[in-house]
Amino acid sequence: RRWLRCEVRFGADRNAVVVPADWAGLGTPGTDPALWLLARERVLGAIAAVQAPARANEVRRRVADRIALGQAPRLKQVAADCGVSPRTLIRLLRIAGTTFYELVDRERRARASALILRPTLSLERLAKDLGFPDRSSFGRRFRAWFGESPARFRRRATLTAAASPTPSR
């Protein structure tokens, strides 16, 4: 409705666009190619805006899957996984209010916060599992996320867990 600036009804046996009476004197969209293109673009934009959150969720899942496999998610790979071009993927994420980099960063951060609490997992292994090329690049990103090094974060979390009383049954 917002894009077409006229009444739009959905959910009936037949969906319809009800246009103002004063539009009756105007030619049909087919008679005015510019008007037809404008209407088409508005409808496609409205459809994309409705579909963008679901598509962004699909992209997030694909990114999370790649991270879970220890791979650094790449735009071209994820776009191919989703069956769209990299440019379309960027456009979809923009409509959903995010970027590919932000999405990858959020997924890596979430996974890092869960894996860092496993003391048997070395920091080198953790960096590789998150798709970072080495421990130092992982450490820099971890400091940006949590404000301290991975080793210090792990030590503090371990000490906090050891100091808290265990619930009795």
Side-chain angles (χ1 to χ4, degrees), residues 1-17 29-30 32-118 120-150 153-154 157:
R1 291 180 191 139
R2 184 175 64 198
W3 292 283
L4 294 174
R5 295 188 181 109
C6 63
E7 185 180 347
V8 180
R9 296 184 197 142
F10 294 103
D13 291 338
R14 286 179 49 186
N15 294 320
V17 176
D32 184 351
L35 181 60
W36 177 247
L37 284 175
L38 177 64
R40 183 176 183 277
E41 289 306 310
R42 285 187 177 177
V43 168
L44 292 176
I47 291 169
V50 169
Q51 292 176 343
R55 293 303 299 263
N57 233 2
E58 178 188 357
V59 173
R60 186 198 56 74
R61 280 193 311 275
R62 304 276 185 169
V63 166
D65 290 347
R66 289 216 174 253
I67 291 171
L69 294 171
Q71 300 173 357
R74 301 284 182 241
L75 178 66
K76 283 177 111 173
Q77 294 168 333
V78 174
D81 290 348
C82 294
V84 297
S85 71
R87 181 73 190 114
T88 298
L89 183 70
I90 290 168
R91 200 175 309 117
L92 286 169
L93 292 175
R94 185 184 316 123
I95 291 169
T98 190
T99 66
F100 185 74
Y101 175 77
E102 290 169 349
L103 208 142
V104 169
D105 198 52
R106 272 196 305 269
E107 288 304 312
R108 277 183 166 167
R109 179 184 174 148
R111 188 145 172 84
S113 67
L115 294 178
I116 194 74
L117 300 177
R118 295 184 183 170
T120 57
L121 187 63
S122 74
L123 294 177
E124 289 81 12
R125 183 75 235 159
L126 178 56
K128 292 289 181 201
D129 286 352
L130 292 172
F132 286 95
D134 53 46
R135 181 179 168 178
S136 65
S137 59
F138 165 64
R140 284 190 302 274
R141 196 70 212 132
F142 194 92
R143 272 188 225 75
W145 290 331
F146 300 105
E148 59 187 332
S149 72
F153 184 95
R154 181 179 271 176

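Since we're looking at a predicted model, the values are computed, not measured.
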So do V59 and L92 actually touch side chain to side chain, heavy atoms under 4.5 Å?
no

Heavy-atom side-chain contact between I90 and T99 under 4.5 Å
no

Is there a side-chain contact between V84 and R55, using heavy atoms and a 4.5 Å cut-off?
yes

Which heavy atom in F100 sits nearest to a heavy atom in V63, and how many Å separate them?
CE1-CG2, 3.9 Å

Tightest non-hydrogen contact, residues K76 and P86, listed as CG-CG, 4.0 Å

Given the options E58, R60, R62, V78 meets side-chain contact (heavy atoms from CB on, under 4.5 Å) only with R62

Does R111 use its side chain to pair, donor to acceptor, with the backbone of E107 at less than 3.5 Å?
no

Which class fits the ring pair F146 and F142: parallel under 30°, tilted 30 to 60°, perpendicular over 60°?
tilted

Does the side chain of L75 reach to within under 4.5 Å of the side chain of Y101, using non-hydrogen atoms?
no

R135 vs P150 side-chain heavy atoms within contact, under 4.5 Å
no

Nearest 0.5 Å please: distance from the OG atom of S85 over to the CZ atom of R91.
6.5 Å

Scanning both residues in full, the closest heavy-atom pair of D134 with S136 reads OD1-OG, 3.0 Å

Kindly determine whether T98 and R106 satisfy side chain to side chain contact (heavy atoms under 4.5 Å, CB included), including the steps that lead there.
CA-CA 11 Å; T98 190; R106 272 196 305 269; 3.3 Å; yes

Hey, are the side chains of R66 and D81 touching, using non-hydrogen atoms and a 4.5 Å cut-off?
yes

What heavy-atom pair brings I67 and V104 nearest, and what distance separates the two atoms?
CD1-O, 4.1 Å

Quick one: does NZ or CZ of R140 land under 6.0 Å from the six-membered ring centre of F132, within 45 degrees of the ring axis?
no

In this structure, CG of L115 is separated from CG of L123 (nearest 0.5 Å) by 11.0 Å

Enter the distance from I116:CD1 to F138:CZ here, rounded to the nearest 0.5 Å.
5.0 Å

Can you measure from CG (D129) to CD (E124) and round to the nearest 0.5 angstrom?
11.5 Å

Minimum heavy-atom distance between A72 and G131, given as atom pair plus value
CB-O, 3.3 Å

Working to the nearest 0.5 angstrom, can you tell me the gap between L93 CG and E102 CD?
9.5 Å

Okay, side chain of R154, backbone of R118: is any donor-acceptor separation there less than 3.5 Å?
yes

